[in-house]
*Asks:* 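Mind having a look at this structure? Questions to follow.
Throughout, residue positions are numbered sequentially from 1 according to the sequence presented. Start at 1 and go down the list; that is how both ligands and their atoms are numbered.
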Amino acid sequence: MTHPKILRLILGDQLNILHTWFQGDQSSYTYVMMEIKSESLYVTHHIQKILGFFSAMRQFNKELIALGCEVKYISIADATNQHDFQKNIQYLLNQEGFEKFEYQLPDEYRLDQILQNLNLSVRVSTCDTEHFYTTRNELAEIFKGKKQLLMESFYRKMRTKHQVLMDGTEPLHGKWNFDHDNRNKIPVNHTPPAPLLFDHDLSSIHDEIKQAELPSIGQVDSKHFSWPINREESLELLEYFAKNLIDQFGTFQDAMTPHFWSMYHARLSFSMNIKLIHPHEVVNRIVEEYNLRPNDIAYHQVEGFVRQILGWREYMRGIYWMHMPDFSTTNFLQHQNKLPEWFWTGKTKMACLQHSIQQSLQYAYAHHIQRLMVTGNFALLAGVDPDQVDQWYLGIYIDAIEWVEITNTRGMSQFADGGIVATKPYISSAAYIDKMSHYCGNCYYKKSEKVGEKACPFTSLYWHFLFRHQEKFAKNPRMTMMYAVWNKMNPEMQESIIAQAEKYLNQIDTL
Ligand code: FAD
Ligand code: SF4
């Protein structure tokens, strides 16, 4: 009996060698992977992100060949590359007489649409990526008929369903959430372990990218590319995290400092998002390490980490599929301002923003609180158009893929969704940034001044935000304290603060 010849597409973020596709007899299948220009042009990406994707795809190609799979790899410089999914796929179907085309369901709405609309000469079928704890629509089913989609309830259901950190039906150690034990400032002379960096010479891929004239942002030393680009390295990074960093992960999860760009965070988001490793593997390995070293690793470190992956990561994916495509155009606060120029250079006198942005340009990475409470907080206070904020976040981080970027940016950070993800806007004045960081001490601006030439812009913009949006938020029970403080201020001070904020908004590019 002859087998049908089947062509299978692997997207750049579907590098999951454990997928059932790659088990069993491979004689019917040919895999296709392609580096196409449109995927590098829908937003201007960080150069490390383009290099990271292309090099990981090329490594995956080699791994498949080593497994005995037949692969058609269409590189960016390939003369037959038509830089279009439809054209490249149909070309292969014609050339090789395939009888069927298969793909794994993409995680991005945009790609989902492109693939659904392919007009091919053969039968098409799809399957799951087998990567997440949840299916695409599981969150929508869990919250059916409910008004509020609370992450906390979802997380508890996930813990129970997948029996992670559970004691039967009860949470381990009697509580679901140990967040209050986390979140300290980093002590002044504290030195975290050095980050585990890899060393790849990607200069020839970099040359191909330049020749193809793909636009990019950020810096790279392409002779010494430091991100993991295959499964083995991703597992090594996970191992490094388990052995050296989880012990203090929660404690310093929100801490910020100009001295270290990487402290106790896992930096596994890129590996997980392109599916080199599975979230199960990450969660299970950390729980295993906790069981091996219960005297070294406090439980709150582990619970805090599991919450990020089993909770937030899956929750964001569920929100994405529940609310796209509408989510991508939400602008609840009607913010229309332009993103300040210095978001692209880091050239601002505000030390917190300067460090967070320059670090992002240099490493294509910033941790969650830098993204949420420094860059995101500023953009929100300054009333920047969420489209522009999205473009920035989708471009600059190596881990930025729309399903997890847009839900964090428009939802959690910019409140553009009107409260689907967050119950109140994540905003703060200088007080929070100073509490969690060592930025303010060396800043041109003064953290405790509300008005005047050197007043910290975060503070007046914070009050300006609350003032201009009071109709929307004054009755929010989680914000009554903030409004009570504002209402207690004397009217002259209120007026000066608003005038200060407006002055800053009018000269935002010079701050
Ligand atoms: P750790 O702090 O070590 O956390 C471990 C893992 O938990 C991460 O690798 C990630 O997979 C998961 N995680 C933690 N927080 C979140 C979250 N809020 N949502 C989803 N997963 C989470 N994450 C991305 O993967 N891609 C993005 O494009 C992205 N954009 C963001 C934009 C904004 C404005 C904000 C506030 C957050 C964004 N995040 C994004 C979430 C989070 O900041 C990153 O996942 C995290 O910083 C990645 O670094 P890490 O691996 O060292 O994470
Ligand atoms: Fe940022 Fe204000 Fe602190 Fe300067 S003083 S680092 S601008 S919070």
*Asks:* Can you sort out which atoms of ligand 1 are near Ala266, meaning under 4.0 Å from one of its heavy atoms?
*Replies:*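 Counting atoms of ligand 1 from 1, those under 4.0 Å from Ala266 are 3 (O), 52 (O).
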
*Asks:* Quick check: does Cys352 have an N/O/S atom under 2.8 Å of atom 4 (Fe) of ligand 2?
*Replies:*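 No - counting backbone and side chain alike, Cys352 has no N, O or S atom under 2.8 Å.
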
*Asks:* Taking only non-hydrogen atoms of Tyr365, do any sit less than 4.0 angstrom from ligand 1?
*Replies:*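 Yes.
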
*Asks:* Heavy atom under 4.0 Å from ligand 1: found in Gln253's side chain, backbone, both, or neither?
*Replies:*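 Neither part.
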
*Asks:* Under 4.0 Å between a side-chain nitrogen and a carboxylate oxygen: does that hold for Lys157 and Glu138?
*Replies:*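 Result for this pair is no, no salt bridge flagged.
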
*Asks:* Counting both backbone and side chain atoms, is some N or O of Leu268 under 3.5 Å from an N or O of ligand 1?
*Replies:*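 So ligand 1 has an N or O lying under 3.5 Å from an N or O of Leu268.
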
*Asks:* Under 4.0 Å from a heavy atom of His265: which atoms of ligand 1 are those, numbered in the order shown and with their elements?
*Replies:*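 Under 4.0 Å from His265, ligand 1 has these atoms: 2 (O), 3 (O), 52 (O).
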
*Asks:* Please determine which of Val374, Leu372, Asn377 meets the side chain to side chain contact (heavy atoms under 4.5 Å, CB included) test together with Ser428.
*Replies:*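 Only match with Ser428 under side chain to side chain contact (heavy atoms under 4.5 Å, CB included): Asn377.
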
*Asks:* List the closest protein heavy-atom neighbour of atom 45 (O) of ligand 1: residue, atom name, distance to the nearest 0.1 Å.
*Replies:*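 Here the closest protein heavy atom is Ser269 CB, 4.2 Å.
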
*Asks:* Give a yes or no on whether Tyr426 atom OH has more than 12 heavy-atom contacts from other residues, nucleotides or ligands under 6.0 Å away.
*Replies:*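 At most 12 heavy atoms, drawn from other residues, nucleotides or ligands, come within 6.0 Å of this atom.
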
*Asks:* Is there a protein heavy atom less than 4.0 Å away from atom 53 (O) of ligand 1?
*Replies:*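 It does not; no protein heavy atom is within 4.0 Å.
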
*Asks:* Given His265, which partner from the list Phe305, Tyr365, Phe241 fulfils the side chain to side chain contact (heavy atoms under 4.5 Å, CB included) test?
*Replies:*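 Checked Phe305, Tyr365, Phe241 against His265; only one passes side chain to side chain contact (heavy atoms under 4.5 Å, CB included): Tyr365.
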
*Asks:* Do you know which two heavy atoms are closest between Gly452 and Gln500, and how far apart they sit?
*Replies:*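 Looks like N-OE1, 2.7 Å.
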
*Asks:* Under 4.0 Å between a Lys/Arg side-chain N and an Asp/Glu carboxylate O for Asp509 and Lys347?
*Replies:*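 Between Lys347 and Asp509 there is no salt bridge, as every charged N stays at least 4.0 Å from the carboxylate O atoms.
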
*Asks:* What distance do Arg313 atom CZ and Trp403 atom CH2 have between them, rounded to the nearest 0.5 Å?
*Replies:*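 CH2 of Trp403 is found 4.0 Å from CZ of Arg313.
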
*Asks:* Within a radius of less than 6.0 Å around CD of Glu288, do more than 12 heavy atoms belonging to other residues, nucleotides or ligands occur?
*Replies:*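 Yes, CD of Glu288 has more than 12 neighbouring heavy atoms, counting only those of other groups under 6.0 Å.
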
*Asks:* Could you point out which residue of Tyr240, Trp261, Tyr363, Phe260 forms a side chain to side chain contact (heavy atoms under 4.5 Å, CB included) with Pro195?
*Replies:*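 Output: one option passes, namely Trp261.
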
*Asks:* Could you tell me which atoms of ligand 2, counted from 1 in the order shown, lie closer than 4.0 angstrom to a heavy atom of Lys447?
*Replies:*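 By the 4.0 Å cutoff, the relevant atoms are 5 (S).
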
*Asks:* Identify the closest protein heavy atom to atom 16 (C) of ligand 1: which residue and atom is it, and at what distance?
*Replies:*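 Closest protein heavy atom to atom 16 (C) of ligand 1: Trp312 CB, 4.0 Å.
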
*Asks:* Heavy-atom contacts with Tyr445 under 4.0 Å: which atoms of ligand 2 show up? List them by number with element.
*Replies:*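 Every atom of ligand 2 under 4.0 Å from some heavy atom of Tyr445: 5 (S).
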
*Asks:* Within the 4.0 Å heavy-atom shell around Met272, which atoms of ligand 1 are there?
*Replies:*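 Those qualifying, in numeric order: 9 (O), 11 (O).
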
*Asks:* Could you confirm whether Cys440 has any N/O/S atom lying under 2.8 Å from atom 3 (Fe) of ligand 2?
*Replies:*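 Yes, within the cut-off.
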
*Asks:* Provide, to 0.1 Å, the distance between atom 5 (C) of ligand 1 and the closest protein heavy atom, together with that atom's residue and name.
*Replies:*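 So the nearest neighbour among protein heavy atoms is Phe305 CE1, 3.4 Å.
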
*Asks:* For Tyr444, does the six-membered ring have the charged nitrogen or CZ of Lys454 within the cation-pi criterion, i.e. under 6.0 angstrom from the centroid and within 45° of the normal?
*Replies:*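 Yes; both conditions hold, so Lys454 lies above the ring face of Tyr444.
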
*Asks:* Return the residue, atom name and 0.1 Å-rounded distance of the protein heavy atom closest to atom 30 (N) of ligand 1.
*Replies:*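 Sorting protein heavy atoms by distance from atom 30 (N) of ligand 1 puts Arg371 NH1, 3.5 Å first.
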
*Asks:* With a 4.0 Å heavy-atom cut-off (strictly under), which part of Tyr397 contacts ligand 1: side chain, backbone, both or neither?
*Replies:*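 Contact part for Tyr397 vs ligand 1: neither.
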
*Asks:* Within ligand 1, which atoms have a heavy atom of Leu372 less than 4.0 Å away?
*Replies:*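 What qualifies from ligand 1 is 36 (C).
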
*Asks:* Which atoms of ligand 1 have any heavy atom of Arg313 under 4.0 Å away?
*Replies:*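 Per the distance check, 11 (O), 20 (C), 21 (N).
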
*Asks:* Would you say CD of Glu495 has more than 12 non-hydrogen atoms from neighbouring residues, nucleotides or ligands within 6.0 angstrom?
*Replies:*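 12 or below, so no.
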
*Asks:* Any N/O of His368 closer than 3.5 Å to an N/O of ligand 1?
*Replies:*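 Yes.
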
*Asks:* Could you list the atoms of ligand 2 found under 4.0 angstrom from a heavy atom of Cys443?
*Replies:*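 Answer, ordered by atom number: 4 (Fe), 5 (S), 6 (S), 7 (S).
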
*Asks:* Within the side chain of Glu281, is there an N or O that forms a donor-acceptor pair under 3.5 Å with the backbone of His278?
*Replies:*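 Checking the backbone N and O of His278 against the side chain of Glu281, a donor-acceptor pair under 3.5 Å is found.
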
*Asks:* Identify the protein heavy atom lying closest to atom 6 (C) of ligand 1, giving its residue, its atom name and the separation to 0.1 Å.
*Replies:*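 Result for atom 6 (C) of ligand 1: Ile309 CG1, 3.7 Å.
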
*Asks:* For atom 15 (N) of ligand 1, what's the nearest protein heavy atom and its distance?
*Replies:*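 In this structure, atom 15 (N) of ligand 1 has Gln308 OE1, 3.2 Å as its nearest protein heavy atom.
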
*Asks:* Quick check on contacts: which atoms of ligand 1 are under 4.0 angstrom from a heavy atom of Ser413?
*Replies:*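 Those qualifying, in numeric order: 34 (C).
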
*Asks:* Among protein heavy atoms, which lies nearest atom 33 (C) of ligand 1, and at what distance?
*Replies:*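 Going atom by atom, the protein heavy atom closest to atom 33 (C) of ligand 1 ends up being Asn408 CB, 3.7 Å.
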
*Asks:* Could you walk me through whether Tyr439 and Gln370 pass the side chain to side chain donor-acceptor pair (under 3.5 Å) test, one step at a time?
*Replies:* CA-CA 11 Å; Tyr439 291 138; Gln370 291 172 305; 3.1 Å; yes

*Asks:* Does a side chain donor of either His469 or His335 reach within less than 3.5 Å of an acceptor in the other side chain?
*Replies:*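 Looking only at side-chain atoms, His335 and His469 do form a donor-acceptor pair, the distance falling under 3.5 Å.
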
*Asks:* Is any NZ, NE, NH1 or NH2 atom of the basic residue among Arg307 and Glu152 found under 4.0 Å from an Asp or Glu carboxylate oxygen of the other?
*Replies:*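 Yes, Arg307 and Glu152 are salt-bridged.
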
*Asks:* Which protein heavy atom lies closest to atom 2 (Fe) of ligand 2, and at what distance to 0.1 Å?
*Replies:*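 Nearest protein contact, heavy atoms only, for atom 2 (Fe) of ligand 2 is Cys456 SG, 2.3 Å.
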
*Asks:* Assess whether a salt bridge exists between Glu39 and Arg110, defined as any Lys/Arg side-chain N lying under 4.0 Å from an Asp/Glu carboxylate O.
*Replies:*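 So Glu39 pairs with Arg110 through a salt bridge.
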
*Asks:* Does ligand 1 have a heavy atom under 4.0 Å from the side chain of Phe249, from its backbone, from both, or from neither?
*Replies:*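 Near ligand 1, Phe249 shows its side chain, while the N, CA, C and O stay back.
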
*Asks:* What residue and atom, counting heavy atoms only, is the protein's closest point to atom 25 (O) of ligand 1, and at what distance?
*Replies:*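 It is Asn273 ND2, 2.9 Å.
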
*Asks:* Polar contacts were defined as any N/O atom of the residue lying under 3.5 Å from an N/O atom of the ligand; does this apply to Arg267 and ligand 1?
*Replies:*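 Such a contact does occur with ligand 1.
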
